[in-house]
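One is the number of the first residue; the rest follow in order along the sequence.
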Amino acid sequence: MKAFLSPPYLNGDDERDLVAQAFASNYIAPCGPMVDALEREAAARLGFAGALATVSGTMALELLARALGIGPGDEVIASDLTFIASVAPFVDRGATPVFVDADPATWCMDVGLAARALEAHPRARALIATDLYGQCCDVDALAALCRDRGVRLIVDAAESLGATYRGRPAGKGAWAAVHSLNGNKIVTAGGGGLLLTDDPDLLARCRKIAGQGREPVPWYEHRTLGTHGRLGNVPAAIGLAQFRHLDDALRDKARVWADWLARLPGWATPMPTAPYGVPNRWLTVVTLEGRDPLRAVAALAARGLEARPLWKPMHLQPVFQGAPALLSGVGEALFARGLCLPSGRGLDPVSMEEAVSVLEQL
């Protein structure tokens, strides 16, 4: 591949220096000073009272499902146009998912449909709204709906680290927010995730669960079951160095987005920008008129340029066949026409021009 969809981007020697410090300290096992520093700096930068660094964003969502005591008989309201990890940890514990379609103006969860879903499903314990492709969902509107019904709002902000909503960091205003530090994200630890919350009791519960449920006594005592969910010190060192360059990453992603907009043909329409926030431009995403996205993916791949279709809506996934859903057809239409373009921080104009040439020949 000459241009991947969203490859990692290293910032000089910073990652290497912090990893070397981790090795020099002999903290190469889970936890350690790099993990502590990443959690402190992430909480401070993102405006939350506390943060927990986890082995993945999916694990952070699993910890929230466990902390809520989700089980059979419960329901969870979730975005339909999303990656499966947004809802899988809750379904895996026995909950029934209720999928809500996307708003055509933002591609995030439709607030009106979410209100109808909550009204029709009084057993819902949580609402999991996804920030799509770096754009924040309407947190305040969803938080008001959840507050009126005693439902916990969780924002899957895996794709939106560095984005803002009404001047606030992504997910701020929810009961909890989750970021991903996967290799394709705007900030990476090679893997990993962050759980952020202003609820100290929730943070303590999740930290305990992530530590195998161990009680705070000198011996190993377990009154509840936990799991191994904490990020290791070495990947945390990578993540910490990356996190300290978040502003650089945001500038680079904005430049790539602007460069694409200047080159896109008229039949390629970019994802709309919500009026209430500033996306992090994680991926440049377009819908195609009169062209097949799958043909585009194959044609670009033949030239060494990675592209992908949009997320396939959850209600179309075989694993969720028959699950209740409030649909408007927006997600299905976007999936049928949508294309994610190469969006790496180091993407060069030559690759962009080549990609445009390929698309124009479809």
Identify all side-chain donor-acceptor contacts of residues 19-34 below 3.5 Å with residues at least two apart in sequence or on another chain.
| residue | atom | partner | partner atom | Å |
| --- | --- | --- | --- | --- |
| S25 | OG | Q21 | O | 3.4 |
| S25 | OG | A22 | O | 2.8 |
| S25 | OG | Y27 | N | 3.3 |

Suppose we screen for ring pair (Phe, Tyr, Trp, His ring centres under 6.0 Å). Which residues come up paired with F320, at least two apart in sequence or across chains? F99
Where do M271 and W257 come nearest, in terms of heavy atoms and distance? O-CH2, 3.7 Å
Let me check something: do L195 and V87 share a hydrophobic cluster, defined by ILVMFWY side-chain heavy atoms less than 4.5 Å apart, either directly or through other members? yes
Any side-chain heavy-atom pair of L339 and L359 under 4.5 Å: yes
Under 4.5 Å between any side-chain heavy atoms of L81 and M109, yes or no? no
Within 6.0 Å of CD in Q321, more than 12 heavy atoms from elsewhere: no
Is any side-chain heavy atom of Y165 closer than 4.5 Å to a side-chain heavy atom of K172? no
Is there a side-chain contact between P279 and K253 (heavy atoms, below 4.5 Å)? no
Verify the distance criterion only: is there a donor paired with an acceptor across the side chains of T58 and E62 at less than 3.5 Å? no
How about CZ on R295, more than 12 heavy atoms from neighbouring residues, nucleotides or ligands closer than 6.0 Å, or not? no
Is there a side-chain contact between N11 and R244 (heavy atoms, below 4.5 Å)? no
Quick one: salt bridge (charged side-chain N to carboxylate O under 4.0 Å, His left out) partners of R93, sequence neighbours excluded? none
Heavy-atom closest pair (D131 atom, A170 atom, distance to 0.1 Å) is OD2-CB, 3.8 Å
Please identify which of these residues, C136, C137, S79, meets the side-chain contact (heavy atoms from CB on, under 4.5 Å) condition with C108. C137
Would you say that K2 contacts V350 through its side chain, given a criterion of any heavy-atom pair below 4.5 Å between the two side chains? no
With side chains defined as the heavy atoms from C-beta onward, is the minimum distance between C206 and L64 less than 4.5 Å? yes
Can you tell me if CZ on R116 sees more than 12 non-hydrogen neighbours from other groups inside 6.0 Å? no
Any side-chain donor paired with an acceptor under 3.5 Å for S351 and R303? no
Distance in Å, W107 CH2 paired with T273 OG1, rounded so as to fall on 0.5 Å steps: 10.5 Å
Which heavy atom of C340 sits nearest a heavy atom of V285, and at what distance? SG-CG2, 4.1 Å
Out of curiosity, does I128 fall in the hydrophobic cluster containing V91 (side-chain heavy atoms, cut-off under 4.5 Å, transitive links)? yes
Tell me whether E159 contacts the main-chain N or O of W282 through its side chain, where contact means a donor paired with an acceptor under 3.5 Å. no
Closest approach of P169 to G47 (non-hydrogen atoms, all atoms of both residues): CG-N, 4.3 Å
Side-chain donor-acceptor pairs of residues 141-150 under 3.5 Å, sequence neighbours excluded:
| residue | atom | partner | partner atom | Å |
| --- | --- | --- | --- | --- |
| R149 | NH1 | L145 | O | 3.3 |
| R149 | NH2 | E119 | OE1 | 3.2 |

Flag yes if V178 and Y133 sit in one hydrophobic cluster, no otherwise; membership is Ile, Leu, Val, Met, Phe, Trp, Tyr, and two members link when side-chain heavy atoms are under 4.5 Å apart. yes
Between P8 and G183 the two heavy atoms that sit nearest each other are CG-O, 3.2 Å
If you look at every heavy atom in F243 and R45, which pair is closest and at what distance? CE2-CB, 3.6 Å
Establish whether V76 and L63 are linked, either directly or via other cluster members, by ILVMFWY side-chain heavy-atom contacts under 4.5 Å. yes
Across all chains, not counting sequence neighbours, the ring pair (Phe, Tyr, Trp, His ring centres under 6.0 Å) partners of F90 are none
Say you draw a straight line from CD of E41 to CG of L46; how long is it, rounded to the nearest 0.5 Å? 11.0 Å
Pairwise ring pair (Phe, Tyr, Trp, His ring centres under 6.0 Å) hits with a residue in residues 44-85, at least two apart: F83-W311
More than 12 heavy atoms from other groups under 6.0 Å of CZ on R308: no
Give the cluster check for L326 versus I77: same hydrophobic cluster or not, with ILVMFWY residues linked at side-chain heavy-atom distances below 4.5 Å. yes
Between L231 and M59, is there a side-chain heavy-atom distance shorter than 4.5 Å? no
